[in-house]
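Worksheet for the structure shown next.
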Protein chains: 2
Amino acid sequence: MNLPPLIQTFVLHFGEMGSRWGINRTVGQIYALLFLAPEPLCADDIVARLGFSRSNVSMGLKELVAWNLVQLRHKPDDRRDFYTTPDDLWQIVRTLVEERKKREIDPTLTLLRETLMHEPASDEERHAQARMREMHELIELLTGWYDDVRRLETERLVQLLTLGARVQKVLEWKDRLVAPGRRAADSDPTA
Amino acid sequence: MNLPPLIQTFVLHFGEMGSRWGINRTVGQIYALLFLAPEPLCADDIVARLGFSRSNVSMGLKELVAWNLVQLRHKPDDRRDFYTTPDDLWQIVRTLVEERKKREIDPTLTLLRETLMHEPASDEERHAQARMREMHELIELLTGWYDDVRRLETERLVQLLTLGARVQKVLEWKDRLVAPGRRAADSDPTA
DNA sequence: CCGGCGTTTCAGAAATTTCCGAAACGCATA
DNA sequence: TATGCGTTTCGGAAATTTCTGAAACGCCGG
């Protein structure tokens, strides 16, 4: 590996972090390199920079493309594939969340739904099902929320995030105005 | 493994999902079993149910305790340790998010801060740093928001989640009332 | 201090994942 | 249809992670 110190530090770190996520060290490093690169890189650039085997890089890139985390680019009169990450970091975050949800949440949601269809055959199973039902409801609430905010324009999203918990104040304030003594969810004019 | 079908399905699934997260299959299965169990279980109960070796279960439990995902319980006149998950699912989610942040986000934040202190030695490093700075800002925004909402009472949190993107409407509505023609963040009486 | 009971540690075995190099493949262009 | 260039596949090697059984440990009541 032959990289400027700042870049090397970041690349190595991302490799380690990668293994705490679903992706492996190599893939993490490739991603980090692409993320920092000012220009799209081709597979051989990455081989030269990171010293992995050609096929390993190829596999890694394939995985990153499957995750929608890197995109293919082409240069005129050059048959090679070049790879790059989106300039817009918000786009990256959106993709990341979307893909992790797809891999880590959705399968569980499906399984819970299926399992809750079955008739419990004992008290033990009855209790287990009740627990699963709780989990199912909670996940639905969370993914429902996500599905909502996901659609917001980035500008709006940032606005909301910046506001943080103070949004709560706005709601209380609205409450007092709209329906004194009642809770927001009850009489929501925006619903 | 000798479990009622509904429970077995869930346990196996959680094992698989576990490996997509940082934790391994065994640990995932142990957690799932504890989550569904109506009563706290001791290590030998888990050995009997899942068929792992005693030491493997011990290590798994240790890891789950380190994650704050399971708690120790004791019965009178019984020296054994019993393990259980919190009844309150929201508590579980809070712990999960907190711990994942600690493991997956905070180290990166630290590294970014350090790296951004160094003087870039080339244009390449300068560009890389700019990119890292972007990432740093974005993560700070997200964690700042999280730090805010984390403190909300569960009831308030649920209210907010249920509202979803409609909270946006409330903000616009507030805008019009408070400062027609201007954006919420500009003139926020709740700030 | 001893014996019983339960937990933890540890070194090696087993399983899984990662990684490499060689060969196969695909696709433009001549 | 041959050639050149780049990508992908694949079997096995290497590395890492997971798992086990045996032994060590720690604590309490006798």
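Quick note on labels: first sequence line is chain A, next is B, and so on, each numbered from 1. Please read these numbers as outputs of a predicted model, since none were measured by experiment.
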- Task: Could I get the full list of ring-ring contact (aromatic ring centres under 6.0 Å, His included) partners for A:Tyr83, not counting sequence neighbours?
- Result: none
- Across all chains, not counting sequence neighbours, the salt bridge (charged side-chain N to carboxylate O under 4.0 Å, His left out) partners of B:Asp123 are B:Arg126
- If we fit an axis to the first five pairs and another to the last five of the helix from C:dC1-D:dG30 to C:dA30-D:dT1, what angle do they make, to the nearest 10°? 20°
Would you list the atom pairs, donor with acceptor, under 3.5 Å between side chains in residues 65-72 of chain A and any protein atom, with sequence neighbours excluded?
residue: A:Asn68; atom: ND2; partner: A:Glu99; partner atom: OE2; Å: 3.3

- Does B:Arg100 have any salt bridge (charged side-chain N to carboxylate O under 4.0 Å, His left out) partners at least two apart in sequence or in another chain, and if so, which? A:Glu104, B:Glu104
- Residues of residues 7-16 of chain B with any non-hydrogen atom less than 4.0 angstrom from an atom of DNA chain D: list those, numerically ordered, please. none
Residues 108-121 of chain A, side-chain donor-acceptor partners within the protein, below 3.5 Å, at least two apart:
residue: A:Thr108; atom: OG1; partner: B:His13; partner atom: NE2; Å: 2.9
residue: A:Thr110; atom: OG1; partner: A:Asp106; partner atom: O; Å: 3.0
residue: A:Arg113; atom: NH1; partner: A:Glu140; partner atom: OE2; Å: 2.9
residue: A:Thr115; atom: OG1; partner: A:Leu111; partner atom: O; Å: 2.6
residue: A:His118; atom: ND1; partner: A:Glu114; partner atom: O; Å: 3.2

- Task: Please list all pairs passing the salt bridge (Lys or Arg N to Asp or Glu O under 4.0 Å) test where one or both residues lie in residues 27-46 of chain B, with sequence neighbours left out.
- Result: B:Asp44-B:Arg54
- Using salt bridge (charged side-chain N to carboxylate O under 4.0 Å, His left out) as the criterion, list what pairs up with A:Glu98, not counting sequence neighbours. A:Arg150
- Quick one, give me the B/S/- string for nucleotides 1-18 of chain D, reading 5' to 3', where B means a protein heavy atom under 4.0 Å from the base and S means that only happens at the primed atoms, P, OP1 or OP2. ---BBSBBB--------S
- Residues A:His74 and A:Asp81: closest non-hydrogen pair is NE2-OD1, 2.7 Å
- Query: Partners of B:Asn2 by side-chain hydrogen bond (donor to acceptor under 3.5 Å, both in side chains), sequence neighbours excluded?
  - Reply: none
- Item | Partners meeting side chain to side chain contact (heavy atoms under 4.5 Å, CB included) with A:Asn24 (sequence neighbours left out) | A:Thr26, A:Val27
